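Worth saying up front: this structure is predicted, and the values here are computed from it rather than measured. These numbers come from the heavy atoms of this one structure, side chains and all, not from hydrogens, waters or symmetry mates.
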Amino acid sequence: MIKKICFLFLLFLLLNPSITKSQNNNNNNNPFINRQLINLINNTGEAYLLSANRPYVEMETTQPGKGKAEFNSYPSGGGGYVDIPFYVNYGIGKRISVLGSIDLFTTGYSFVGNKFNGIGDSYAGILYQFQKSKILENFVQGVIKIPTASVSNHIGTGKVDYHLGLCQSFTTNKFLYTLTGDFELLGKLNFPSPNSGVYPPVVTKALDSLEKQYDYSFEQQLDLDFEPSYYITSSLNLEAGATFSRNMKLNFNATGFYSDLNYYFTDKVYGYSGADFTQYFPVKYNYSDFYAGAGYDPNDNLELELNLSISLKNSSSYYLSTTITYSY
């Protein structure tokens, strides 16, 4: 989604009538016009760097146990995107497990909207539980992204990313929450060569002028996530969440909220519905959708879930996802 947002933002900047008019007037002595042109170039660079296609790294608060494993596959698609990730969590000790994931098939878009498909990036990591009581568990998680995706097809950055996070799980009979914080070092997406011919001249020229300004190896990013949940009855559960993401190199923020109701028809069948809202800055774009789903949990080893999300801004925008969880 962020790739589409940045692309639309770039188009707005390039096609903004006031900026185009200022350029045609060729009034180089007007400080306001000069500032507009400088902002145009800077925002183009930031939008390009934010268009990097990266896999989502989930912060865990569960472990399968020593010698046991949990496998997940959650294919999803809609709105021009398709994603088929495969995930494994294997316990190598009582309180330590190794994590791994790969996008078997995913979708990438170039900065000007060209679509590509292929194998995505992978990641590997370690999850360690350093505290446990009757109601509280605390974990530390370290993950490295392995750049297995194609750079030329805009499916990956070709760079290694590093993630270090703390995860907390609190559980009582009626109230529970998960709290996670993740600090990331994200390998910078390289700017295209001016002679590559990949982008229109107006884009290439703007990006080429930014190479020295964005002379760094990693972007520092902070992600926070708080998800409380309350059981109104033994069958009805109210869930909510708040997320915040801050990219300190690109001065970019994203804040999101969601809330849903979960109902357990039996101990094996459940359904849920809710809505979420996400606001992006400084792009000044917001996204909201309604979602509903159902799940079937026949035993302790298998869980199946189906989810449908529909954009509240555009009824033709939808996203369908499934989750298959198997453990032994």
Side-chain angles (χ1 to χ4, degrees), residues 1-13 15-16 43 46-59 74-85 103 106-109 111 113 115 176-182 184 221-230 232 236-247 250-263 270-295 305-323:
M1 178 57 62
I2 195 170
K3 294 178 286 299
K4 285 187 174 180
I5 295 166
C6 294
F7 173 55
L8 293 174
F9 180 54
L10 171 68
L11 290 181
F12 166 77
L13 290 169
L15 301 177
N16 188 300
N43 290 331
E46 293 184 357
Y48 176 81
L49 294 172
L50 284 167
S51 73
N53 188 18
R54 307 178 189 274
Y56 173 70
V57 176
E58 185 174 359
M59 303 298 295
Y74 30 99
S76 56
Y81 284 86
V82 177
D83 197 31
I84 308 177
D103 274 327
T106 191
T107 303
Y109 283 86
F111 191 50
K115 182 180 178 180
L176 56 105
Y177 72 76
T178 59
L179 176 64
T180 63
D182 180 24
E184 304 171 285
Q221 183 163 304
L222 178 65
D223 298 312
L224 301 173
D225 189 1
F226 178 60
E227 298 183 358
S229 180
Y230 180 75
I232 302 172
L236 184 62
N237 171 250
L238 174 63
E239 198 171 61
T243 62
F244 174 77
S245 182
R246 164 73 174 171
N247 188 304
L250 301 178
N251 192 30
F252 178 83
N253 297 340
T255 304
F257 304 93
Y258 81 88
S259 181
D260 57 49
L261 281 173
N262 305 264
Y263 186 77
Y270 61 90
Y272 59 89
S273 65
D276 62 33
F277 174 84
T278 303
Q279 177 74 55
Y280 300 89
F281 298 97
V283 181
K284 296 181 180 178
Y285 177 89
N286 63 75
Y287 177 82
S288 55
D289 66 3
F290 168 81
Y291 57 89
E305 186 173 296
L306 182 67
N307 179 280
L308 174 64
S309 300
I310 300 176
S311 170
L312 297 179
K313 285 188 171 182
N314 183 357
S315 60
S316 63
S317 177
Y318 68 92
Y319 206 77
L320 184 66
S321 63
T322 59
T323 302

Checking side-chain contact (heavy atoms from CB on, under 4.5 Å) for the pair Thr243/Leu224: CA distance, chi angles, key distance, verdict? CA-CA 6 Å; Thr243 62; Leu224 301 173; over 6 Å; no
Working note: Phe252 + Leu50, criterion side-chain contact (heavy atoms from CB on, under 4.5 Å); need CA distance, chi angles, decisive distance, verdict. CA-CA 9 Å; Phe252 178 83; Leu50 284 167; 3.4 Å; yes
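Centroid-to-centroid, the aromatic rings of Tyr81 and Tyr109 come within less than 6.0 Å.
Side-chain contact annotation: Tyr270 with Glu305, donor-acceptor N/O pair under 3.5 Å present. Counted by atom type alone, Tyr291 and Asp260 present one or more donor-acceptor pairs between their side chains at under 3.5 Å. Of the N and O atoms on the side chains of Asn307 and Ser309, at least one donor lies less than 3.5 Å from an acceptor on the other residue. Inspection of the Ser229 and Asn237 side chains reveals an N or O donor paired with an N or O acceptor under 3.5 Å. Side chains of Thr106 and Asp83: a donor on one and an acceptor on the other come within 3.5 Å.
In this view, Tyr177 and Phe170, Phe226 satisfy the ring-ring contact (aromatic ring centres under 6.0 Å, His included) rule, not counting sequence neighbours.
Here the side chain of Tyr258 pairs a donor or acceptor atom with the backbone of Ala240 at under 3.5 angstrom. Ser51 contributes a side-chain N or O that, together with a main-chain N or O of Tyr48, makes up a donor-acceptor pair within less than 3.5 Å. Between the side chain of Lys115 and the backbone N or O of Gly80 there is at least one donor-acceptor pair closer than 3.5 Å.
For the side chain to side chain contact (heavy atoms under 4.5 Å, CB included) criterion with Arg246, the lone passing option out of Thr255, Asn251, Asp223 is Asn251.
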